[in-house]
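Letters go in sequence order (proteins before strands), and every chain restarts at 1.
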Amino acid sequence: AQTVTQSQPEMSVQEAETVTLSCTYDTSENNYYLFWYKQPPSRQMILVIRQEAYKQQNATENRFSVNFQKAAKSFSLKISDSQLGDTAMYFCAFMKQGGANSKLTFGKGITLSVRP
Amino acid sequence: GAVVSQHPSWVICKSGTSVKIECRSLDFQATTMFWYRQFPKQSLMLMATSNEGSKATYEQGVEKDKFLINHASLTLSTLTVTSAHPEDSSFYICSARMGNQPQHFGDGTRLSIL
């Protein structure tokens, strides 16, 4: 079974600063995907970024980038130039590759507050 | 981009009634749909996975007779909370996926049982 650990329940960052959200996971699989989802107060789940485990290059999406360390089973999210709209819960998630019933395993989430 | 529509967004009903929540994939064929439950400030808890035309696979501890899931077509899945009671009050979220593509989530349904 897979587990995803987000050990920090809350973080706060000043607007325009950079913040890093931590995530570790445990799996015996070799082929899998990792995700970061954002859930703002509206509670809509928004895909922020996705990483394929076979890719060594870290995924980036505008102000969002990851530091994927496969050997250490670590997958942190860096948010640059934080904006007030980044205030949300952030969930790290794992999914093994292949199979119609492959399912997401979520971490407990972290509440990020961006201060004006 | 892919859109998943979930309806209703908020429902309030009396204890003992049954409530149906719909989840539709609007611009893709959802071979697999997922239903989650979420309590405030907590993570999403997977309730069940359904493939079109097949019976849903429920997670351990989820009562299949309480939470009826139907995935009758490639664009529609429904979750029916039967004989709902206050402890069933929660936020329910569906998501849909085509093959191995990323999952897309509905906007969720806030269920309040009085």
Open item on the list: Quick check for you: to the nearest 0.5 Å, what is the distance between A/Leu104 atom CG and B/Arg97 atom CZ?
Closed with: 7.5 Å

Task: Heavy-atom check, side chain of B/Gln103 versus side chain of A/Met45, under 4.5 Å - done: no

Open item on the list: Around atom CD of A/Gln57, are there more than 12 heavy atoms from other residues, nucleotides or ligands closer than 6.0 Å?
Closed with: no

Task: A/Lys78, NZ atom: more than 12 neighbouring heavy atoms under 6.0 Å - done: no

Open item on the list: Check this for me: B/Lys20, atom NZ, are more than 12 non-hydrogen atoms of other residues, nucleotides or ligands nearer than 6.0 Å?
Closed with: no

Open item on the list: Between A/Lys103 and B/Glu59, does any side-chain N to carboxylate O distance fall below 4.0 Å?
Closed with: yes

Task: Under 4.5 Å from a heavy atom of chain A, the part of B/Gln38 involved - done: both

TODO: To the nearest 0.5 Å, tell me how far B/Thr109 OG1 sits from A/Arg43 CZ.
DONE: 11.0 Å

- [ ] Looking only at non-hydrogen atoms, find the nearest pair between B/Gln42 and A/Phe91 and report the distance.
- [x] O-CZ, 3.7 Å

Open item on the list: Please give me the minimum heavy-atom distance between A/Gln39 and B/Phe91, naming the atom from each residue.
Closed with: NE2-CE2, 4.4 Å

Task: Single-linkage hydrophobic cluster B/Leu79~B/Val11, side-chain heavy atoms < 4.5 angstrom - done: yes

Open item on the list: Quick check: closest heavy atoms across B/Gln101 and A/Arg50, and the distance to 0.1 Å?
Closed with: C-NH1, 4.5 Å

Task: Common cluster, B/Val62/B/Ile93, ILVMFWY with side-chain heavy-atom separation under 4.5 Å - done: no

Open item on the list: If we ignore hydrogens and angles and just use 3.5 Å, is the side chain of B/Ser43 paired with the main-chain N or O of A/Gly109 as donor and acceptor?
Closed with: no

- [ ] Counting only heavy atoms closer than 4.5 Å, note whether B/Leu46 contacts chain A via side chain, backbone, both or neither.
- [x] side chain

TODO: Treating Ile, Leu, Val, Met, Phe, Trp and Tyr as nodes and any side-chain heavy-atom pair under 4.5 angstrom as an edge, say whether A/Leu21 and A/Tyr25 lie in one connected cluster.
DONE: yes

Open item on the list: Is there a continuous path of hydrophobic side-chain contacts, each under 4.5 Å between heavy atoms, that joins A/Tyr90 to A/Phe94?
Closed with: yes

